[in-house]
Amino acid sequence: GTVDFVAEHLRWYDQRLRDIDTGIDDEPPVRIFVMGENVWRSESEWPLARTVYTKHYIGNATAANSLHGDGVLTAERPAAPGRDRYDYDPERPVPTLGGPIMHREYSGPHDRRPVERRDDVLVYTSRPLERDLEVTGPVKMTLYASSSARDTDFAATLVDVYPDGRAIHICEGIRRARTRDSIETHTLVEPGRVCDYTIDMWETSNVFKAGHRIRVDVTSSNFPRFDRNPNTGNTPGMDAELQVAEQTVYHGGEY
């Protein structure tokens, strides 16, 4: 059912500011909406104490570029090393399609297949699930990558793939290379050097239903939700120069 958020806000403020006992302090402190099951659920803490943090790994046989590639997402760590390459051109950024933003045209559970057809989007997809899988809590990606640029961006999106092919946006994140170690102290990267990037994809609560597949998209832009990185290494916003960055993502083996 729906929730009257205005009424919930009033209950909270009445309890805090007017000393009216609304009963809100007697209820569990967390309420989440579990997508897939499409139900509201109360919890006693966040993240959930019963969370089983699970790693998945990306890989390929030849190349993961676009929906037409063979990128895979597995629970087993690939033994064989591999890599994927693409060019990020800030003159032609990957457009925002879905996500927790206010702009009605871009926001919400959009089908990402229009952007997944691009060669500058790496697409890694699991096998169909044999049983329902709930993913509730924080999501992050550790990405091993190198770039021809001194500064660039890497973005990741978690996607729920339906049996009919729809690829529905679940959650996402982005990391600027110069802030890979610290938001306060910016450090440019050495071109060609492999670095690890922790991409915080925020939180979600979604049940990937049996027969669905889990997908992760990797790219270097999500515009206009996030500003384009010009790939120059110059102070962001201080010049109009743009460069194409040659990106390489590594997986398997030591990665």
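In this chain, numbering begins with 1 at the start of the sequence shown.
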Is there a donor-acceptor contact under 3.5 Å linking the side chains of [X] and [Y]?
X: T187; Y: D181; value: no
X: D239; Y: N234; value: yes
X: N222; Y: E172; value: yes
X: S220; Y: D153; value: no
X: N231; Y: D151; value: no
X: Q247; Y: T152; value: yes

Would you say the side chain of [Y] lies within less than 4.5 Å of the side chain of [X], judging by non-hydrogen atoms?
X: V39; Y: F33; result: no
X: R215; Y: L158; result: no
X: D132; Y: V207; result: yes
X: D87; Y: D120; result: no

Should we say atom [atom1] of [X] is surrounded by more than 12 heavy atoms from elsewhere, each under 6.0 Å from it?
X: E130; atom1: CD; answer: no
X: R41; atom1: CZ; answer: yes
X: E43; atom1: CD; answer: yes

With distance as the sole test, does [X] use its side chain to make a donor-acceptor pair with the main-chain N or O of [Y] at under 3.5 Å?
X: R77; Y: Y57; value: no
X: S148; Y: E246; value: yes
X: Q15; Y: T22; value: yes
X: Y88; Y: N229; value: yes
X: T219; Y: A155; value: no
X: E8; Y: W12; value: no

Practice task
State yes or no: are the ring centers of Y144 and Y255 separated by less than 6.0 Å?
Solution key: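 Distance test on ring centres: under 6.0 Å, yes.
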Side-chain heavy atoms under 4.5 angstrom apart, residues restricted to Ile, Leu, Val, Met, Phe, Trp, Tyr: same cluster for [X] and [Y]?
X: M141; Y: F226; answer: no
X: I199; Y: Y86; answer: yes
X: Y124; Y: Y197; answer: yes
X: V94; Y: L97; answer: yes

Problem - Distance, nearest 0.5 Å, that separates CG of N65 from CZ of R118 - result: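 Reported value, rounded in 0.5 Å steps: 12.0 Å.
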Problem - Approximate separation, where rounding is to 0.5 Å, of R112 CZ and D160 CG - result: 13.0 Å
Problem - Aromatic W202 / basic R175 pairing, under 6.0 angstrom, 45° off normal - result: no
Exercise for the section: Report yes or no: is the cationic atom of R228 (NZ for Lys, CZ for Arg) closer than 6.0 Å to the six-membered ring centre of F223, at no more than 45° off its axis? Expected result: yes
Practice task
Search all heavy atoms of I214 against all heavy atoms of F208 and return the closest pair with its distance.
Solution key: CG1-CD2, 3.8 Å
Practice task
Flag the pair E190 and R150 as a salt bridge only when some basic side-chain nitrogen lies within less than 4.0 angstrom of an acidic carboxylate oxygen.
Solution key: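 Between R150 and E190 there is no salt bridge, as every charged N stays at least 4.0 Å from the carboxylate O atoms.
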Exercise for the section: For the residue pair Y162 and H212, categorise the inter-ring angle as parallel (less than 30°), tilted (30 to 60°) or perpendicular (more than 60°). Expected result: tilted
